[in-house]
Undergrad: 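The structure's right below; bear with me while I get my questions together.
Chain A is the first sequence line, chain B the second, and so forth, proteins listed ahead of strands; every chain is numbered from 1.
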Amino acid sequence: MTEVAASSAEMPPAEVPWRRLSARMLAVHPVREVLRAWPVLIGVLFLGARSDVGGGVTGLIALGAVIVVGLLRWFTTTYRVSAEQVQVRRGLLRRETLTVPRDRVRTVDITASPLHRLLGLALLTIGTGRTDRRNDGVKLDALTADEAARLRVELLDRSPLAAPVDDAAGAPAVPLVVRPETVLAAFRAEWLRYAPFSLSGIVTVAITIGFLFRMANEANIRLSQFGPVRQAGAQLSRTAIWLAAVEVAIAFVVVVAIFSTVAYVVAYWGFRLSRQPGGTLYIVRGLLTRRSITLEERRLRGAEVSEPLLVRAVGGARAVAVATGLRVGRGAERGGSLLVPPAPRAEVEQVAGAVLGDAAPVRVALVRHGPRARQRRYTRALLGTVALIAVLAALWRWARWPAWPVPASLVLLPVAALLAEDRFRSLGHALAGQVLVVRQGSLVRRRVMLVREGVIGWNLRQSLFQRRAGVVTLEATTAGGRQRYAALDVPVDVAVRLADEAVPGLLTPFLADYGSDRSSD
Amino acid sequence: MTAEPVALRAPAHRVSRRAIVYWTVRAAIGWLVLAGAEVVWLIGAGSLVPLRLVALVATGVLAVLHLMVMPQWRYRVHRWESTDQAVYTQTGWFTQERRIAPISRIQTVDSEFGVLERLFGLANVTVTTASAAGPIKVHGLDKDTASQLVAQLTSTTAATPGDAT
């Protein structure tokens, strides 16, 4: 990898001194490790004389070791920023020096957990666009908040005004210059309306339940003996089974809605997206852990407006950036590509348009993919459902399963049909100015707006069935986001024309009309 | 753009004929491993013998069909072409895929000679772009063609400036 070369240090001629992380981290490390290990600690302190005391002692020793390692990390980590590169030196026995050329810096991410904020610290992560997951960027844990803010501006500002700051004194020599920015979106209380539908709470609920079980396990508490749980259990066992099921379902929905709202507030409180003069987008958000992401606009390849089914049902959407070096999909929130959290659709679309610098791709009417695409959506949805019903019937007939799942599963047929129709209605594509637009999906409908310049190849895929139906899945490959964006089941000639128009000239020699007599030997 | 129908033609060159044998052998190895596991399963325990025999026979039938159909079909599909502007391939059999990438966006050109491929004097060439979804692979080229293709691609790629993202 060229971006981050792990090598023995080759000193640049300009002698920029090495600097340490903030000394306040010496206080953060032990506290953080203790917090992380608190279930074990409680077990040791309060339930002292138990059979598993050996495990507790081992836990304490491990905890001590982790704290020492944390302290050592502070003593062994130094960094410096010169005019050409950022260097981080770390390791006690195995010294390593990470060198990142400054023009490869794509994102700067500042995260401050409540503990960091209490001490005025921030974790700075420099993203270089490497897409492997093991080592995503250079982390400086942690700098003072001022220093982090200064570095952020310095690292990504490519305007000639931003000369390298003289930091020989080890402190900001030049005060942070506040320059005008354009705010594209800012958190409003109305956005909370979409929070319960964002389902971001499901994960939290699952984690909480898992955590409670683990806690109970560590502390040897039998959950079934726990008062409220036992009462609820007894209550449910007395009611009819269907009523009990309804009650549990309602309770689950309410809990998920509450947790989703809480998660939304915690993650997006104080959200602000702005365009900064240095050619960057700047995103701040977070109630407890404050997170700010700076992303270079020249790395932007497009934007995606996605509507999860529930959020769509209440007229909401969210937007994600398609940029090189930023992760999307699972972990997109953490990866920093989120442009707008679930919010009113019109507002999200306006922001996406502003980010792209052109409102047309967001507004343009899409070309539908035709009757074959619709037929294939139905076939696929219904065949799967029928197969499921057949399996249930077979299990009932030959494996002594109860009979009721079979008629119950018939309900899935209309659901599948609705899903198929919606999936078809979602399909569409268009060219709007310099942007290629494709849309698909029902459970999560995504409208991807990809800058045509960012398309670096085409994949046209056809299964045997697609060939017989005369349709093709056209994928535009790109260096950003999901790496590929597909238009499903487009009629073949429409797909070829779309690809040809989107990237002029690329397909020309391979078109049957003008290119058939040409060969390249 | 006019409304007259447009279509992509297939890439100009076929791969080496020896690729048919190569694909057959490679697939046969996979099937043999599966069949071997099933034989062990058959010998292993006393119960359910008819079921296990049926599984083994079914595997055999599927394997023979696959080995008869797949390599021939693949050979008729697999094609490639490279111009000064773009690389264009067609691969697959049941599901077929055409991939096109402009030379200006190529990041790396790799040629690989696997153990099995070397037995048949074959090689494959992989052209990657900055997109993880974009690698273009040409399987079953004979060695000389592969070297020529790599030489041609590296020289044209070197002539194109930019970081190709």
Side-chain angles (χ1 to χ4, degrees), chain A residues 103-104 106 129 131-132 298-299 301 324-325 453-467 472-486 491-501 503 505-521, chain B residues 1-14 69-70 73 77 79-108 127-137 145 148-149 152-153 156 160 162-165:
Chain A
D103 63 346
R104 293 299 173 91
R106 297 180 183 188
T131 32
D132 57 353
R298 71 183 172 111
R299 303 288 178 188
R301 295 293 179 271
T324 59
E453 269 286 293
V455 176
I456 57 179
W458 296 102
N459 299 347
L460 294 96
R461 200 172 47 240
Q462 284 182 301
S463 69
L464 182 63
F465 305 116
Q466 281 178 307
R467 286 198 292 280
V472 62
T473 296
L474 175 71
E475 280 180 348
T477 65
T478 178
R482 283 171 217 283
Q483 310 286 306
R484 67 176 91 189
Y485 290 97
V492 174
D493 61 327
V494 177
V496 173
R497 191 171 292 129
L498 176 67
D500 190 31
E501 278 181 54
V503 184
L506 177 57
L507 264 56
T508 314
F510 308 123
L511 291 180
D513 291 356
Y514 352 95
S516 53
D517 57 342
R518 228 188 107 177
S519 101
S520 68
D521 279 86
Chain B
M1 266 286 163
T2 51
E4 70 182 272
V6 289
L8 280 175
R9 62 173 172 80
H13 315 295
R14 283 188 191 281
V69 172
M70 182 275 286
W73 196 344
V77 173
R79 285 169 161 272
W80 62 276
E81 184 170 346
S82 156
T83 70
D84 295 343
Q85 300 299 318
V87 188
Y88 177 28
T89 61
Q90 176 173 292
T91 57
W93 54 295
F94 187 83
T95 294
Q96 299 177 4
E97 188 163 355
R98 287 174 166 175
R99 292 190 166 194
I100 303 158
I103 296 281
S104 59
R105 302 304 184 103
I106 288 178
Q107 298 277 4
T108 64
V127 175
T128 62
T129 64
S131 166
I136 293 185
K137 208 160 186 177
T145 320
Q148 275 171 28
L149 178 60
Q152 183 208 339
L153 285 173
T156 40
T160 323
D163 82 339
T165 58

Undergrad: Indicate yes or no for a side-chain donor-acceptor contact from A/Thr477 to the backbone of B/Ser131 under 3.5 Å, with no hydrogens or angles considered.
TA: no

Undergrad: What is the minimum heavy-atom distance between A/Ile456 and B/Pro102, and which atoms define it?
TA: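 In terms of heavy atoms, the two residues are closest at O-CD, 3.5 Å.
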
Undergrad: Would a distance-only check, ignoring hydrogens and angles, find a side-chain to backbone donor-acceptor pair under 3.5 Å from A/Arg484 to B/Ala132?
TA: no

Undergrad: For the residue pair B/Arg98 and A/Asn459, establish whether any side-chain heavy-atom pair is separated by less than 4.5 Å.
TA: no

Undergrad: Is A/Val455 close to chain B through its backbone or its side chain, or both, or neither, when contacts mean heavy atoms under 4.5 Å?
TA: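 The backbone, not the side chain.
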
Undergrad: Which value, rounded to the nearest 0.5 Å, describes the distance between B/Phe94 atom CZ and A/Phe465 atom CZ?
TA: 4.0 Å

Undergrad: Does a side-chain heavy-atom distance below 4.5 Å link B/Gln96 with A/Arg467?
TA: yes

Undergrad: Quick check: closest heavy atoms across A/Glu453 and B/Arg105, and the distance to 0.1 Å?
TA: O-NH2, 2.7 Å

Undergrad: Apply the side chain to side chain contact (heavy atoms under 4.5 Å, CB included) test between B/Leu8 and each candidate in A/Val492, A/Asp500, A/Leu460, A/Asp493; give the one that qualifies.
TA: A/Leu460

Undergrad: More than 12 foreign heavy atoms under 6.0 Å from CD of B/Glu97: is that the case here?
TA: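 Yes, enclosed.
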
Undergrad: Are A/Phe510 and B/Thr83 close enough that some pair of their side-chain heavy atoms sits under 4.5 Å apart?
TA: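 In contact.
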
Undergrad: How close do B/Ala133 and A/Gln483 get, heavy atom to heavy atom, and via which atoms?
TA: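 Of all heavy-atom pairs spanning B/Ala133 and A/Gln483, the closest is CB-O, 3.6 Å.
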
Undergrad: Are any of the side-chain heavy atoms of B/Thr95 and A/Leu464 separated by less than 4.5 Å?
TA: no

Undergrad: Okay, side chain of A/Arg461, backbone of B/Arg99: is any donor-acceptor separation there less than 3.5 Å?
TA: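 Side chain of A/Arg461 to backbone of B/Arg99: no pair is present.
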
